[in-house]
Amino acid sequence: MALMSDADDSQDTLPLSVALCAGERALDHLGCVLRYLSVGLVDQAVSVRLLGIDPRIEALTLGPIQSLVHEPLTWPWSGKRTAHIVEVMSHQPPTSVHALTSSSYELAASISEAFDADLVLQVSSLADCDRLAQLKDKRVGCHLVFSKPLIAILEGQLGITPDHIELVRAGILASKQIACFANPDRTPAVLCTAPFEKGSGIDQLIEAIAILGNKGHEVLGFFLGQGKMESALRRLVRQRNLSAVITFAKPLGDIAFAMQSADIFVRPAAKSCFDIHALQAMGMGMAVVTPPDTICDYLREGETAAFCAQPNAVSLAGAIELLLLNRSAAKEIAAAGREYVRTHHAMSVMADRAAAVYRRLALARATFAIRE
């Protein structure tokens, strides 16, 4: 008599329910990736519940995708509020809890412990790595990372073993058209989505546009963001006589619509974290200008992006000027960026790999019947 396990047959039908913990500013950090991941997981037969303090997550509620907006977990109410979240979720306990940002690591760990669920932590920045170094919870089933440089940090600096790390690249929509200089009769448009905060580099980009204007280059600047420095930045624009060519606006809806009508996307400063907007710009076929970046491995000098040596006005103006003077080279970079997104950042692959991690962790702890 041969004994045979049903595990292989049950692997694909193992019921999975994941709680996606979207911490503070997770929607700003991940943007459309969160929506694509949620919908993709449903296609993988994974029940999804979104948790966060941002009311915007309710807009992602769709059929099997549920949302739970909770109050901030601030002291001295954090324990009571966490207990309430666990109570609300008790009628449908998750099999996996996935923290999308380091600000949700503690909540995810608490939910995971309450339901004996697998704990998955998303790592997308140096700040996340620093938080991991302080995290005392040793029950993390897997760390999901967006780029290979983050793997090197987790293994080399934090001592996390390769079997607890999975590369799951962010899924992004790739356009069928190249946005960069698609309309030769249109004044070139420079788009920036950096926050209006100190150190974001917006002031340097304003100075760069002034430099380009003094050299006779006609460009339009569109700054989609918000922050405490907005008044000071508007004042700088007036001082440089750029009010007619620079527009400030708050981002509304999908940023991809604005990218369809722009040519060059500028990251005035490297942020040491995953940059959803730079990746979206690549997917839309824009030419990306950025300082060197150690985290975003999809930004490749001269291939998928044009690098400026330093995050200052002169260097930014020089990189943009080269694209304005050589539009065919700019289009090549834009096309290569779009193709990179199409090849390495497919939305379906992101959900497939994430679901495979949940399934692998659940399968390792599941018990199956033995048949003769």
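- Grouping the Ile, Leu, Val, Met, Phe, Trp and Tyr side chains by contacts below 4.5 angstrom, directly or via other members, places V168 with L173.
- With contacts defined as side-chain heavy-atom distances shorter than 4.5 Å, the pair F265/V190 does not qualify.
- A donor-acceptor contact shorter than 3.5 Å is absent between the side chain of S78 and the backbone of W75.
- Of the possible donor and acceptor atoms, one in the side chain of R139 sits under 3.5 Å from a partner among the backbone N and O of A109.
- Under a 3.5 Å cut-off, the side chain of N214 and the backbone N or O of A210 do form a donor-acceptor pair.
- Remark: aromatic rings of F196 and F248 are close, center separation under 6.0 Å.
- Here R25 does not pair with D54 in a salt bridge; the nearest charged N to carboxylate O distance is not below 4.0 Å.
- How far CG of L233 is from CD1 of I206: 5.0 Å, rounded to the nearest 0.5 Å.
- For the pair L324/V219, a side-chain contact is recorded, criterion being any heavy-atom separation below 4.5 Å from C-beta on.
- Atom CD of Q177 sits in a sparse spot, with 12 or fewer heavy atoms from other residues, nucleotides or ligands closer than 6.0 Å.
- Shortest non-hydrogen contact noted between C32 and I276 is SG-CD1, 4.3 Å.
- Between the side chains of H143 and E166, not a single donor N or O lies within less than 3.5 Å of an accepting N or O.
- The closest side-chain donor-acceptor pair between T101 and H29, if any, does not fall under 3.5 angstrom.
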Let's go through R235 and Q239 carefully: what are the C-alpha distance in whole Å and the side-chain angles of both, what is the deciding distance for side-chain contact (heavy atoms from CB on, under 4.5 Å) to 0.1 Å, and is it a yes or a no?
CA-CA 6 Å; R235 186 163 55 250; Q239 291 171 352; 3.7 Å; yes
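- Cluster membership check: I320 shares its hydrophobic cluster with L191, using side-chain heavy-atom separations under 4.5 Å among Ile, Leu, Val, Met, Phe, Trp and Tyr.
- Not one N or O on the side chain of R49 forms a donor-acceptor pair closer than 3.5 Å with the backbone of V18.
- Listed here is the closest heavy atom pair of S125 and C273: CB-CB, 3.2 Å.
- Residue Q310 qualifies as open at atom CD: its count of foreign heavy atoms under 6.0 Å is 12 or below.
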Pair L73, L107 - check side-chain contact (heavy atoms from CB on, under 4.5 Å), show working.
CA-CA 8 Å; L73 303 178; L107 175 61; 3.7 Å; yes
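- The aromatic ring centroids of Y298 and H344 lie 6.0 Å or more from each other.
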Check the pair C308 / T290 against side-chain contact (heavy atoms from CB on, under 4.5 Å), numbers first and verdict last.
CA-CA 6 Å; C308 56; T290 177; over 6 Å; no
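- Across all their heavy atoms, C21 and S104 have their closest contact at O-OG, 3.1 Å.
- Using a distance-only test at 3.5 Å, with no hydrogens or angles considered, a donor-acceptor pair links the side chain of R338 to the main chain of K176.
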Evaluate the side-chain contact (heavy atoms from CB on, under 4.5 Å) criterion for residues H70 and R81: first the C-alpha distance (whole Å), next the side-chain angles of each, then the deciding distance (0.1 Å), finally the verdict.
CA-CA 8 Å; H70 60 81; R81 290 174 178 175; over 6 Å; no
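- Listed for the S315 side chain is no donor-acceptor partner under 3.5 Å among the backbone atoms of P311.
- The two residues S112 and L119 come nearest to each other via the heavy atoms OG-CB, 3.6 Å.
- Under 3.5 Å, the side chains of D297 and S147 contain no donor-acceptor pair of N or O atoms.
- Pairing each heavy atom of R267 with each of C296, the nearest pair is NH2-SG, 4.4 Å.
- Residue S243 comes nearest to V237 through the heavy atom pair N-CG1, 3.6 Å, listed as atom of the first residue, atom of the second, then distance.
- Within the 4.5 Å cutoff, side-chain heavy atoms of V120 are placed close to those of L361.
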What's the verdict on salt bridge (Lys or Arg N to Asp or Glu O under 4.0 Å) for D203 and K198, showing C-alpha distance, side-chain angles and the deciding distance?
CA-CA 9 Å; D203 56 337; K198 187 176 181 180; over 6 Å; no
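- A salt bridge links D28 to R56: at least one charged side-chain nitrogen sits closer than 4.0 Å to a carboxylate oxygen.
- Taking CE of M259 as the start and CG of L224 as the end, the distance is 8.5 Å to the nearest 0.5 Å.
- Residue-environment remark: CD (Q66) exceeds the threshold of 12 foreign heavy atoms within 6.0 Å.
- The pair K271-D293 fails the salt-bridge criterion, with no side-chain N (NZ, NE, NH1 or NH2) lying under 4.0 Å from an Asp/Glu carboxylate O.
- The only option from F146, Y36, F274, Y340 that meets the ring-ring contact (aromatic ring centres under 6.0 Å, His included) definition with H345 turns out to be Y340.
- We find the OG-CE distance between S261 and M284 to be 8.5 Å, quoted to the nearest 0.5 Å.
- Looking at T61 and S67, their side chains do bring a donor and an acceptor atom within 3.5 Å of each other.
- D128 and Q122 form no side-chain donor-acceptor contact under 3.5 Å, judged by distance and modelled atom types alone.
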